Amino acid sequence: MTGYPEGYTSPRPAWTTGRGLYNALARRADVAAKYFAVFLLDAGGLAALWLLVTYAYAWYVLDITAYILVPWWVFALGVVEGAILWESLGRSWGQKALGRELTPVSAEATPIRRLLYFVLWNLFSLTGIGFVFVPPLHERWSGLGLRRERPSSQAPVPWYRTSAGLFVAVLLVVTLVSALGVTLTWESLRRLFTQAGQTVEFWRALVRPDTTILLDAMRDMIVTVFMAVLATLFAVAVSVPLSFLAARNLMRGPVGRPIYTIIRGAMSVARSIEPIVWAIIFLVWVTALRSPFAGILALWVHSIADLVKLYAERLEAIDQGPIEAITATGAGRLSVLRYAIVPQIVNPYISFTLYRWDINIRMATVVGLVGGGGIGQRLINYIWGVQYRQAGTVMILIVILVWAIDYLSARLRAKLA
Amino acid sequence: MPTPYLVIDGLTKVYERGQVHALRGLSFSVEKGEFLVVIGLSGSGKSTLLRCINRLIEPTEGKIWLDGTDVARLSAKRMRRVRRRIGMIFQQFNLVDRATTVRNVLTGRLGYMPGWRSLLGLFSSQDKQTALANLERVGLRDKAYARVDELSGGQRQRVGIARALMQKPEILLADEPVSALDPATSHSIMQYLEQMNRQDGVTVIASLHFLSLARRYGTRIIALKDGQLVFDGPPKTIDNAKFKEIYGEDAEEVEVR
């Protein structure tokens with residue numbers, strides 16, 4: 001800049017710096033995400049409705065199993081165009097669910113404008129090109145845009161007179177109808193009410209416990225508690241540091257946000273795989289039958305996934321005030337963490353940990369059923385061996401244990417609140 | 001000619017993605033020992049201005065000369081050293097509710113301690129005595145070991161003042177310190193600020209909502225509107241016309257007694 005008279009050089013465009021480029025991209029991504037969230041909800045909802053209606057129709061009327069009854073491209077086109085049409089001309093359920101509405105930005109929302117919006121969405125937004133511009137092309141040329149729903153002075157229309165309300169109602173009814181048809185038969189209902197006598201041997205066994213196995217069962221129960229304790233403790237050691245990396249409010253900017261996204265994504269995948277599946281994976285992995293270790297690993301992985309989510313959500317809800325105040329005293333970043341953040345999260349973290357430990361005790365039993373060691377394994381062995389008296393004894397013990405731990409952890413958590 | 005203690009020069013703040021202009025080229029200066037009151041409607045930029053001075057918010061443009069240093073350009077490490085000299089109290093008090101009163105007050109010393117000592121929580125016995133003395137000064141010695149969430153609003157703000165006192169500040173930023181309090185408590189809090197200003201010679205910059213409080217305690221008033229300076233002068237010179245210019249045509253003055 002030196003050597004040039006004032007105003008001779010134009011300032012550098014913002015997007016030529018790294019930060020400026022990131023901001024520009026982030027703004028576009030924000031806008032696109034806002035539109036696509038609504039679109040995906042609508043298209044997904046319409047697709048679900050189509051599938052369910054077809055399924056019910058094929059099941060009851062045609063007596064076959066079918067899902068769309070038309071070529072797949074007709075289905076795809078119908079769902080996508082239907083969603084866009086719904087968003088353009090009416091108030092879609094996606095808009096309603098996310099609290100947005102199509103509002104006039106620079107022009108009146110006449111039917112013609114709305115139709116134009118529909119066409120432009122197809123041309124530019126569906127292809128993604130429109131979102132290179134801010135505001136996006138379809139918004140710029142139609143004069144209409146999705147905005148946060150504004151409070152209206154008119155009384156709200158009752159749900160049964162809005163397209164979104166009717167849509168959800170129809171979806172619920174169709175789901176119920178097809179689900180009932182698929183899972184229930186008259187035969188199975190009749191059995192539920194007439195065949196209770198078949199289980200009498202089991203109930204009889206339950207009230208005549210076999211006390212000779214008590215000591216062995218107790219030993220396995222201790223193993224189960226140990227499994228839960230170890231899995232929880234190891235999970236805490238990993239989850240506490242990870243939770244800071246998985247908290248949206250602490251992970252900002254071009255470096256932080258991807259880390260946040262990756263960890264949160266990995267955790268939700270790990271959480272969606274049930275501990276029993278993890279147990280089978282680890283049983284194969286560490287190749288040992290009757291192995292509490294595999295059970296611990298299974299609980300550990302699932303606990304981490306669960307705890308990171310719980311912890312991180314707590315971190316996201318902390319009061320920013322103390323952070324601001326401690327920063328203002330001239331304290332360093334670690335001191336801010338220690339004096340403004342940690343005091344706010346210690347008790348909730350302990351509370352979540354106790355809660356997870358409580359879950360792990362129950363889960364440890366289930367994990368044992370597939371060979372993960374502990375009391376669950378003993379139970380399944382008795383059941384397979386048709387030793388109902390012994391199985392009943394074990395079940396009584398499990399109920400007592402779970403009840404006691406449940407009570408203990410609830411009391412402790414109440415104390416921490 | 002000696003330069004003023006604090007000089008704000010062309011201060012601008014744009015919130016990045018929303019493209020909201022909170023401050024637009026603000027310039028003024030503050031002498032040592034002044035009690036400057038900042039008034040203006042909500043959203044006029046009062047909070048942003050105060051937070052730019054100790055860089056809780058990064059200014060977009062402009063200079064902030066504090067005692068001859070441009071605070072706006074300091075590295076994060078040097079900024080921490082400067083922050084020690086700048087006390088701050090907040091509308092929502094910003095205390096750690098789960099901790100005891102004295103612990104909250106002690107955090108005012110964190111800027112002066114080496115990192116490892118603060119991480120281990122090793123406050124010196126002298127700091128602890130000063131903390132108790134400062135609580136005594138704001139009349140909360142008997143609440144020293146009570147948890148902050150047991151205190152009332154006025155008591156919490158006094159804890160905030162004691163925390164700021166721990167820094168032995170040269171300048172105190174008060175961001176709407178009495179907006180969450182009732183009128184009687186408001187006066188008590190403002191009197192503590194006045195005392196700091198007169199006895200300890202602390203320069204005070206406070207944003208206030210009520211003009212009556214501003215007139216009663218300020219030695220000088222500046223008014224912001226849409227991030228720009230619309231008034232700068234002694235309290236007496238704000239007349240009705242000026243008031244309407246700052247707060248809009250429909251505004252009526254409300255007294256706090």
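All chains are named by letter (A, B, ...) in the order of the sequence lines, taking the proteins before the strands, and each is independently numbered beginning at 1. The shown structure was predicted, so the numbers you read here are calculated from the model rather than taken from an experiment.
Neither the backbone nor the side chain of B/R55 comes within less than 4.5 Å of any heavy atom in chain A. When heavy atoms are compared at a cutoff of 4.5 Å, A/L334 approaches chain B by way of both its backbone and its side chain. Within the 4.5 angstrom heavy-atom criterion, only backbone atoms of B/I86 (N, CA, C, O) approach chain A. With a 4.5 angstrom heavy-atom cutoff, B/Q92 does not touch chain A via any of its atoms. Only the side chain of B/R51 has a heavy atom closer than 4.5 Å to any heavy atom of chain A.
Shown here for A/A340 and B/V96, the closest heavy-atom pair between the two residues is CA-CG2, 4.4 Å. Shortest non-hydrogen contact noted between B/L95 and A/P322 is O-CG, 3.5 Å. Closest of all the heavy-atom pairs between A/A325 and B/R163 is CB-NH2, 3.2 Å. Residues A/N347 and B/R98 share a closest heavy-atom pair of ND2-NH1, 3.3 Å.
The backbone N or O of B/S118 lies less than 3.5 Å from a partner atom in the side chain of A/Y339, making a donor-acceptor pair. Distance alone, capped at 3.5 Å, places no donor-acceptor pair between the B/R84 side chain and the A/G330 backbone.
Between atom CD1 of residue A/I326 and atom CG of residue B/N104 there is a gap of 7.0 Å, rounded to the nearest 0.5 Å. Going from atom CG of B/N54 over to atom CD of A/E324 covers 8.5 Å, rounded to the nearest 0.5 Å. Rounded to the nearest 0.5 angstrom, A/T329 OG1 and B/R80 CZ are separated by 10.5 Å. If you take CG on A/D319 and CG on B/N94, they are separated by 6.5 Å, rounding to the nearest 0.5 Å.
Atom CZ of B/R81 has 12 or fewer heavy atoms from other residues, nucleotides or ligands within 6.0 Å. Around atom CZ of A/R257, more than 12 heavy atoms belonging to other residues, nucleotides or ligands sit under 6.0 Å away. Within a 6.0 Å sphere centred on CD of B/E58, heavy atoms belonging to other residues, nucleotides or ligands number more than 12. Atom OH of B/Y5 has more than 12 heavy atoms from other residues, nucleotides or ligands within 6.0 Å.
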